[in-house]
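Remember, it's 1-based here, ligands and their atoms both numbered in the order they're listed. FYI, side chains are in, hydrogens and waters are out, and symmetry mates aren't considered; it's all heavy atoms of this structure. Computed from a prediction, not measured in an experiment: that's the story for all the values here.
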Amino acid sequence: MQTASWKIAPAIACGNAVVYKPSPLAPVSAVILAHILQHVGVPDGLVNIVQGGAHTGSAICQSRAISKVSFTGSVNTGKIIAQNAASDFVKPVTLELGGKSSCIIFEDSNIDLGVTGAMMANFFSQGQVCSNASKVLVHKCILEPFTKALVKRTSEMIIGDPLNEATRIGATISAEHLEKVKGYIDGATEEGAHLVHGGNRAVVNGLPNGYFLEPCILSNITPEMKVYKYEIFGSVLCIIPFETDEEALRIANDTPFGLAAGIFTNNLSKAHRFARKLHAGNIYINTFNDVSPYVPFGGFNQSGYGRENGKAAIENYTQIKSVFVNASNILENPF
Ligand SMILES: *[C@@H]1O[C@H](CO)[C@@H](O)[C@H](O)[C@H]1NC(C)=O
Ligand SMILES: *[C@@H]1O[C@H](CO)[C@@H](O)[C@H](O)[C@H]1NC(C)=O
Ligand SMILES: *[C@@H]1O[C@H](CO)[C@@H](O)[C@H](O)[C@H]1NC(C)=O
Ligand SMILES: *[C@@H]1O[C@H](CO)[C@@H](O)[C@H](O)[C@H]1NC(C)=O
Ligand SMILES: CC(=O)N[C@H]1CO[C@H](CO)[C@@H](O)[C@@H]1O
């Protein structure tokens, strides 16, 4: 619903008609949104929901009837989309791709707030969020109380039926994705990571076949590990201790992605100094993933280009047209 509205709203506000293709794994919410739009009087043909997989996606990219493509998804699919959108005739593309973000918890930060930030940055929507921060960098001198509080609060979260209001963790989107996330966790422990909490399939009463996974906390992470390098897109939080500011900055920027970064500290001048040096399109200070329709969202480097929300989104759904008028009735002949 969020991905759909971030694209559909600015596009129609700028006078475009929209063809929206949801992920084949999330087909229904976009249809519900379209029904709501129809109900409030949006004319037929203005917002069109088309279901399909890669074949449908490439037809959209190549169609001469469609003049711009905006995509949210993986880097690999983003590369194919950019190629497809240039294969027949030139078409502008906005790419909102993956991330491997860090959340830095400094020694002077409030531990409870830092733990909340780290949980928000990892466990929302079963971790299936591009901007969430799977690398949680914690200053060595608060590592022990931080980890203890994090494990306690993570273990208290109820895993289960998403229609139950007490539930905090639902199911992973597909069996295939569950296996992928589990593969990252198992691979990490084989490579020497320490499983601090969770990481096993969870069996939920009444939903024995659900793709539930306990939110996972790992420590003893090294830069060679896959969980350090790649986007997992699951509830897997890696605790990485650091000692100096330079070390935290280096670890946070040690990625080809550049989507987001978080900073928890009571020292605002330090926070701003870090915000300037972090290579990421979205920086959160003492919060994580705040979203505002007025503030542009998007990535650096392999996290894509173009922006959603704010004036930047309007600029990405309009074109600049320059009109010269000479009202003087005089036109000097240069020849
Ligand atoms: C993009 O990421 C690569 C790999 O980490 C890095 O070498 C390069 O400097 C980055 N480019 C920019 C523009 O940040
Ligand atoms: C805040 O951070 C700045 C820049 O890193 C540093 O110079 C200053 O000493 C810090 N202030 C406090 C109160 O720790
Ligand atoms: C989006 O708009 C920004 C200006 O806000 C512009 O710099 C950028 O080139 C645009 N990108 C796309 C993909 O339209
Ligand atoms: C119209 O164009 C002529 C040059 O061809 C220029 O001399 C004149 O100042 C222009 N008038 C205005 C109002 O821009
Ligand atoms: C703490 C936090 O930022 N969690 C976020 C993870 O990403 C989703 C989707 O962007 C946000 O809604 C959550 O707030």
Side-chain angles (χ1 to χ4, degrees), residues 71-83 86 92-114 117 121 129-143 145-146 184 187-188 191 221-233 236 238 240-288 296-308 312 315-316:
F71 169 70
T72 296
S74 72
V75 175
N76 282 339
T77 310
K79 287 179 183 168
I80 296 168
I81 283 180
Q83 285 171 11
V93 176
T94 294
L95 296 177
E96 206 274 272
L97 307 179
K100 186 72 190 177
S101 304
S102 285
C103 185
I104 308 172
I105 319 285
F106 286 105
E107 63 276 27
D108 67 340
S109 60
N110 174 314
I111 291 186
D112 275 343
L113 289 189
V129 177
C130 56
S131 51
N132 286 182
S134 63
K135 281 155 73 183
V136 176
L137 279 43
V138 185
H139 194 278
K140 274 193 177 136
C141 69
I142 56 163
L143 184 62
F146 180 90
Y184 272 117
E191 288 175 301
I221 306 294
T222 63
E224 294 73 38
M225 292 181 184
K226 290 197 180 70
V227 286
Y228 177 92
K229 286 192 260 189
Y230 302 122
E231 178 175 45
I232 303 171
F233 221 63
V236 183
C238 297
I240 303 174
F242 71 89
E243 237 170 328
T244 64
D245 288 4
E246 290 65 33
E247 197 184 356
L249 191 64
R250 185 182 50 75
I251 299 170
N253 283 340
D254 184 17
T255 170
F257 292 110
L259 195 55
I263 304 161
F264 280 81
T265 176
N266 278 327
N267 183 338
L268 261 192
S269 80
K270 179 176 185 149
H272 280 293
R273 205 166 55 94
F274 260 77
R276 210 160 45 237
K277 291 184 173 171
L278 286 160
H279 301 164
N282 311 282
I283 309 283
Y284 308 105
I285 298 173
N286 293 334
T287 179
F288 206 90
F297 178 88
F300 285 8
N301 213 346
Q302 298 306 288
S303 291
Y305 50 76
R307 289 291 181 274
E308 301 196 276
E315 285 167 6
N316 285 175

Taking distance alone, with no angle check, do H279 and ligand 1 share an N/O pair under 3.5 Å?
no

From D108, N266, N267, L268 - option closest to atom 11 (N) of ligand 2 by heavy atom
N267

Distance filter under 4.0 Å to S269 heavy atoms, resulting ligand 2 atoms
1 (C), 2 (O), 3 (C)

How far is atom 5 (O) of ligand 2 from the closest protein heavy atom, and which atom is that?
R273 NH2, 3.1 Å

So for T255 against ligand 1, with non-hydrogen atoms under 4.0 Å, the contacting part is backbone

Looking only at protein heavy atoms, which one is nearest to atom 1 (C) of ligand 1, and what is the separation?
N301 ND2, 1.4 Å

Donor-acceptor contact below 3.5 Å, side chain E308 vs main chain F297:
no

Determine, for D254 against K229, whether the closest basic-nitrogen to carboxylate-oxygen distance falls under 4.0 angstrom.
no

Identified side-chain contact (heavy atoms from CB on, under 4.5 Å) partner of H272 from the options I285, I263, N267:
I285

Where the side chain of N282 meets the backbone of L259, is there a donor-acceptor pair that is under 3.5 Å apart?
yes

Check the orientation of Y184 and Y230. Use parallel for under 30°, tilted for 30 to 60°, and perpendicular for over 60°.
tilted

What do you think, any protein heavy atom under 4.0 angstrom from atom 14 (O) of ligand 2?
yes

Below 4.0 angstrom, counting only protein heavy atoms, does anything approach atom 9 (O) of ligand 2?
no

Does K226 NZ have over 12 foreign heavy atoms under 6.0 Å away?
no

